[in-house]
Amino acid sequence: MLTRSQTQLMHQHTISGKQSWTPLLDCFLITMGLFAVSIILSCASASAESEGGYEHGRLHLPFVGHTTFGKYPPLSDWTELQRVRERPDFAVLGVPNDMGTQFRSGARMGPRGIREASTLYQFGHKEVFDADTGETYSYGSVLDVGDVDIVHTDQATSLNRTQEAVEAILSANVTPIILGGDHAITAPVCAALQVLQRPVVTEAKEGKPVTTFLVQIDAHLDFVDQRHGVRFGHGNSMRRCLELPHIDSMLQLGIRGVSSTAKSGFQDAAAMGSTVLSVRKVRELGVAAVAEKVPLGAMVYFSIDIDGLDPSIAPGTGTPSHGGFLYYEVKDLLRSIIRRGELVGLDLVEVAPPYDPAGVTTTLAARLLLDAMGFAKAANAGKNTGHAGQPPARGEL
């Protein structure tokens, strides 16, 4: 179709009812030039998309659309996980329960805050390129399955519902990604791991099979047996997990909270199969040496308390503790440990948005969850091609 300017140009060269062929040739050349430009732009767009650029269609900026985790599709009926045409790699489940807190509440708002923050990282990219390490990976297929239906003041019912929800996800052969909530929710989540019905580690420990290997990143040990009869608060969760018959060993990283657990609690943790490393000890050993404490081939469950990171980058939590990990340290721990085995689940807890109006903490939480999903997807792809153990292009911290 000729443009208005092209039509005017033809009109100006019309003499005595006869058109000059020169302007027609000019119009033809201009039109062909525009066509060539459109072809070049189309090729450039296709090239960008093939390298993980924007998909065609809506731009879908972070503040546009529904606020599911990462803007992934929602699924409200968990039983449908067994029947979906293409089974997802991950199901994101919120557990907005902070009835186990001993100090500042607010973690019940964690799932909502993390979901909103996660939209920052979803511009329609098919792949993620990490300029720091040279890695390119995707997050895999994901469904947001909503939240556990919490009953206010009824901790027992709420925790039981949490276990049932996670069992439904695991029974569908989907990896659960849990948004807390306080750390009390980890006990029922780990109880649900029994439905896997297979050893979590291929090696053996002292002649008996090793089952689930639990990795905790936290400022606090969370190993109190009971306080005034309370056994399922956020200070008891790791002890409750290690008491489960299908969880044999645990690696507790970043522990530094003074007075959160008495000395006897540390002794009990060691006796029950836990290895406890402070932030300083992790830095002294290095990420690679710490990761080697997880048996090769293990099925690993991660529990990340956001207060395991330093409050300078994660102020939005109920019990902040100075001297914590930085982002890259936790990211490298996730990458190295996930590469050694199979991620069977992960929770990220104790994010309390009311104490961080700038949203720095929720953004950090969302980034760590997406990192873990990307590492797990890449590790699984590497196992299929025989390259699972390869290090990133650049050195780890």
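Hydrogens, waters and symmetry mates play no part in the numbers below; they use all other heavy atoms, side chains included.
The closest donor-acceptor contact from the side chain of Arg339 to the backbone of Ala379 lies at 3.5 Å or more, if one exists at all. In this structure, the side chain of Gln252 does not engage the main chain of Val215 through any donor-acceptor pair within 3.5 Å. With hydrogens and angles disregarded, a donor-acceptor distance shorter than 3.5 Å links the side chain of Ser336 to the backbone of Asp332. Under a 3.5 Å cut-off, the side chain of Ser158 and the backbone N or O of Val151 do form a donor-acceptor pair. Using modelled atom types, no side-chain atom of Arg240 and backbone atom of Met238 make a donor-acceptor pair closer than 3.5 Å. Judged purely by atom type and a 3.5 angstrom limit, Asp130 has no side-chain atom pairing as donor or acceptor with the backbone of Gly134. Within the 3.5 Å criterion, the main-chain N or O of Val174 finds no donor-acceptor partner in the side chain of Arg87. Asp89 contributes a side-chain N or O that, together with a main-chain N or O of Ser141, makes up a donor-acceptor pair within less than 3.5 Å. Using a distance-only test at 3.5 Å, with no hydrogens or angles considered, no donor-acceptor pair links the side chain of Gln122 to the main chain of Thr119. A donor-acceptor pair under 3.5 Å links the side-chain atoms of Thr362 to the main chain of Gly359, judged by distance alone.
The two residues Ala91 and Val145 make their nearest non-hydrogen contact at CB-CG1, 4.0 Å. Taking each heavy atom of Leu343 and Leu346 in turn, the nearest pair found is CD1-CB, 4.5 Å. Contact between Ala365 and Val351 at its shortest, heavy atoms only, is CB-CG2, 4.0 Å. Considering every non-hydrogen atom in both Ala366 and Ala117, the closest pair reads CB-C, 4.2 Å. Contact record, Asp356 with Gly316: CB-CA, 3.6 Å, taken as the closest heavy-atom pair. Counting all heavy atoms, side chain and backbone alike, Pro176 lies closest to Leu170 at CD-CD2, 3.5 Å.
Rounding to the nearest 0.5 Å places NZ of Lys71 at 13.5 Å from CG of Asp144. One distance of note links SG of Cys190 with CG of Leu244; it measures 7.0 Å at 0.5 Å rounding. Leu368 contributes atom CG, which lies 10.5 Å from atom CG of Leu333 (distance to the nearest 0.5 angstrom). Between atom CG of residue Leu143 and atom CH2 of residue Trp78 there is a gap of 13.5 Å, rounded to the nearest 0.5 Å. To the nearest 0.5 Å, atom CZ of residue Arg283 and atom CG of residue Leu285 are 12.5 Å apart. Remark: Thr317 OG1 to Ile306 CD1 distance equals 7.5 Å, nearest 0.5 Å.
Side-chain contact between Ile247 and Cys241: present, with at least one pair of heavy atoms (C-beta onward) separated by less than 4.5 Å. Residues Val344 and Leu196 meet the side-chain proximity criterion, which asks for heavy atoms closer than 4.5 Å. Within the 4.5 Å cutoff, the side chain of His322 has heavy atoms near those of the Pro311 side chain. Using a 4.5 Å heavy-atom cutoff, the side chains of Val128 and Tyr121 are not in contact. Looking at heavy atoms from C-beta onward, Leu334 lies in side-chain contact with Ile304 at the 4.5 angstrom threshold. Between Ile313 and Thr361, the closest side-chain pair of non-hydrogen atoms is not below 4.5 Å. Looking at heavy atoms from C-beta onward, Tyr328 lies in side-chain contact with Asp132 at the 4.5 angstrom threshold. A heavy-atom distance below 4.5 Å is found between the side chains of Ser274 and Leu242.
For Tyr301 and Phe213, the ring centers are positioned 6.0 Å apart or more.
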Quiz item: Can you list the steps and then say if Leu348 with Phe302 is a side-chain contact (heavy atoms from CB on, under 4.5 Å)?
Solution: CA-CA 8 Å; Leu348 197 154; Phe302 259 102; over 6 Å; no

Quiz item: Are Arg83 and Glu80 close enough, and set up right, to give a side-chain contact (heavy atoms from CB on, under 4.5 Å), and what steps lead you there?
Solution: CA-CA 5 Å; Arg83 295 188 287 272; Glu80 289 298 316; 2.8 Å; yes

Practice problem: Give the C-alpha distance, both sets of side-chain angles, the deciding distance and a yes or no for salt bridge (charged side-chain N to carboxylate O under 4.0 Å, His left out) between Lys263 and Asp268. | Solution: CA-CA 9 Å; Lys263 183 178 180 179; Asp268 290 346; over 6 Å; no

Exercise. Assess whether side-chain contact (heavy atoms from CB on, under 4.5 Å) is satisfied between Leu253 and Val290, documenting all intermediate values.
Key: CA-CA 9 Å; Leu253 306 176; Val290 172; 3.9 Å; yes

Practice problem: Applying side-chain contact (heavy atoms from CB on, under 4.5 Å), run through Leu277 and Ile255 and close with a yes or a no. | Solution: CA-CA 6 Å; Leu277 300 177; Ile255 309 303; over 6 Å; no

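Using modelled atom types and a 3.5 Å distance limit, the side chains of Asp307 and Ser321 yield no donor-acceptor pair. Gln82 and Asn173 share no side-chain donor-acceptor pair at under 3.5 Å.
Asp305 pairs in a side-chain contact (heavy atoms from CB on, under 4.5 Å) with only one of the listed residues (Ile217, Asp347, Asp218, Thr186), which is Asp218. Under the side-chain contact (heavy atoms from CB on, under 4.5 Å) rule, Leu93 has a single partner from Ile178, Val189, Leu179, which is Ile178. Here the options are Asp182, Thr101, Asp98, the test is side-chain hydrogen bond (donor to acceptor under 3.5 Å, both in side chains), and the partner is Arg108; only Asp98 passes. Each of Arg335, Lys331, Lys377 was scored for a salt bridge (charged side-chain N to carboxylate O under 4.0 Å, His left out) with Glu135, with one residue passing: Arg335.
Criterion: ILVMFWY side-chain heavy atoms under 4.5 Å apart, direct or through other members. Under it, Tyr139 and Leu120 are part of a common hydrophobic cluster. Under the 4.5 Å side-chain heavy-atom criterion for Ile, Leu, Val, Met, Phe, Trp and Tyr, Tyr327 and Val360 are members of distinct hydrophobic clusters. Tracing side-chain contacts under 4.5 Å through hydrophobic residues (I, L, V, M, F, W, Y), one reaches Leu193 starting from Val195; they form part of the same cluster.
Annotation: side chain to side chain contact (heavy atoms under 4.5 Å, CB included) contacts of Ser312 (sequence neighbours excluded): Asp310. Scored by the side chain to side chain contact (heavy atoms under 4.5 Å, CB included) test, Thr175 finds Phe90 as partners (sequence neighbours excluded).
Crowding of Arg280 atom CZ: a count of heavy atoms from other residues, nucleotides or ligands under 6.0 Å not exceeding 12.
Contacts classified as salt bridge (Lys or Arg N to Asp or Glu O under 4.0 Å) and involving residues 357-367 (residues at least two apart or in different chains) are given here: Arg367-Asp371. Residue pairs meeting the salt bridge (Lys or Arg N to Asp or Glu O under 4.0 Å) criterion with at least one partner in residues 285-301, sequence neighbours excluded, are absent. Sorted by first and then second residue, the salt bridge (Lys or Arg N to Asp or Glu O under 4.0 Å) pairs involving residues 151-172 (not counting sequence neighbours) are Asp149-Arg161.
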Under 3.5 Å, which donor-acceptor pairs do the side chains of residues 61-70 form with other protein atoms, sequence neighbours left out?
| unit_1 | atom_1 | unit_2 | atom_2 | d |
| --- | --- | --- | --- | --- |
| Thr68 | OG1 | Tyr72 | N | 3.1 |
| Thr68 | OG1 | Tyr72 | O | 2.7 |

